[in-house]
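These notes are about the structure you will find just below.
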Amino acid sequence: AQSVTQLGSHVSVSEGALVLLRCNYSSSVPPYLFWYVQYPNQGLQLLLKYTSAATLVKGINGFEAEFKKSETSFHLTKPSAHMSDAAEYFCAVSDQGEYGNKLVFGAGTILRVKS
Amino acid sequence: DTEVTQTPKHLVMGMTNKKSLKCEQHMGHRAMYWYKQKAKKPPELMFVYSYEKLSINESVPSRFSPECPNSSLLNLHLHALQPEDSALYLCASSPNPWASGVGETQYFGPGTRLLVL
């Protein structure tokens, strides 16, 4: 079964600084990878998705992620953090084993942006 | 329109109450999902419906009873819940049926915050 590991349950950056949220995957087949964001007391919103069409994936709100097969990573970045980026971020993989469209989520990373 | 709506936004119920959560999507999606999310945790899959039929039940206790009356609507009936069932309940949908939709984006609703007293 596929899985993802998010390194760092909390990340704190200053406004204007680089955002880097780490995600490593485990998959025996080319994976479908996702980043979702969850603002306080809200549902999950898709930031971006990797489907093997391109290794650098651009998403909404200035976020992007790069798929690196050699490192089994799919880290999320944003060049300049805004206060509005403060939220919880989940990396997820589509489990292609026994199940159909089952999402397996990482534990999540809470991003704090300091003014 | 990529919107999934859920009602109510908040729900407080006693352990002897019966209540229902409602989820609706008008994107023509054929798969719909219920997730449970405890505080500071990722969502956990509960149920999946494809073409209004239950495809997956992730060993959820029978006090949770899902229902899919039509292709746009998904309900979760609650009865005799326990305080540990307090959580955010999320609904999601994706375009194709469960088995053939591997890798498809799931679109989430805003959730219902449930408190069981």
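Residue numbers start from 1 in every chain, and the chains themselves are labelled A, B, ... in the order their sequence lines are given, proteins ahead of strands.
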Could you report the tightest heavy-atom contact between A/Leu44 and B/Phe108, atom names first, then the distance?
O-CB, 3.3 Å
Can you tell me if A/Arg22 has over 12 outside heavy atoms packed within less than 6.0 Å of its CZ?
no
Taking a hydrophobic cluster as the set of Ile, Leu, Val, Met, Phe, Trp and Tyr residues connected by side-chain heavy atoms closer than 4.5 Å, whether directly or through intermediates, do B/Met32 and B/Val4 fall within one such cluster?
no
Which heavy-atom pair separates A/Asn101 from B/Ser94 by the least distance, and what is that distance?
ND2-OG, 3.6 Å
Whatever's closer than 4.5 Å to a heavy atom in chain A on B/Glu44 counts as neither
So, taking the atom named CD in A/Gln42 and the one named CZ in B/Arg113, what distance separates them when rounded to the nearest 0.5 Å?
11.0 Å
Do A/Trp35 and A/Leu56 share a hydrophobic cluster, counting only Ile, Leu, Val, Met, Phe, Trp and Tyr and linking them when any side-chain heavy atoms are less than 4.5 Å apart?
no
In the structure I gave you, are the side-chain heavy atoms of B/Tyr35 and A/Leu103 within less than 4.5 Å of one another anywhere?
yes
Is A/Gln45 in contact with chain B via its backbone, its side chain, both, or neither, using a 4.5 Å heavy-atom distance?
neither
Linked, directly or transitively: B/Tyr49 and B/Tyr33 (ILVMFWY side chains, under 4.5 Å):
no
Interface check, chain B: of A/Asn41, A/Val93, A/Val104, most non-hydrogen pairs under 4.5 Å belong to A/Asn41
Quick check for you: to the nearest 0.5 Å, what is the distance between A/Tyr36 atom OH and B/Gln106 atom CD?
5.5 Å
Could you tell me whether B/Arg63 atom CZ has more than 12 heavy atoms of other residues or ligands within 6.0 Å of it?
yes
Under a 3.5 Å distance rule, please check whether B/Lys40 uses its side chain to pair with a backbone N or O of A/Ala107 as donor and acceptor.
no
Same cluster for B/Val116 and B/Met46 if Ile/Leu/Val/Met/Phe/Trp/Tyr side chains link at under 4.5 Å?
yes
Kindly give the heavy-atom pair with the smallest separation between B/Gly103 and A/Ser94, and that separation in Å.
N-OG, 3.1 Å
Which members of residues 73-90 of chain B, sorted by number, sit under 4.5 angstrom from chain A on a heavy-atom basis?
B/Leu88, B/Leu90
Side chain / backbone / both / neither for A/Ile110 at chain B, heavy atoms under 4.5 Å
side chain
Residues B/Gln37 and A/Phe90: closest non-hydrogen pair is NE2-CZ, 3.6 Å
Note: A/Lys102-B/Glu58 ion pair, threshold 4.0 Å (strictly below):
yes
Residues of residues 9-25 of chain B under 4.5 Å from chain A (heavy atom pairs)?
none
With a 6.0 Å cut-off (strictly less than), is the heavy-atom count around NZ of B/Lys38, excluding the residue itself, greater than 12?
yes
Do A/Leu20 and A/Met83 land in one hydrophobic cluster if side-chain heavy atoms of ILVMFWY residues count as linked below 4.5 Å?
no
Which portion of A/Leu46 sits near chain B, non-hydrogen atoms under 4.5 angstrom:
side chain
Can you see which heavy atom on B/Pro43 is nearest to which on A/Phe105, and at what distance?
O-CD1, 3.8 Å
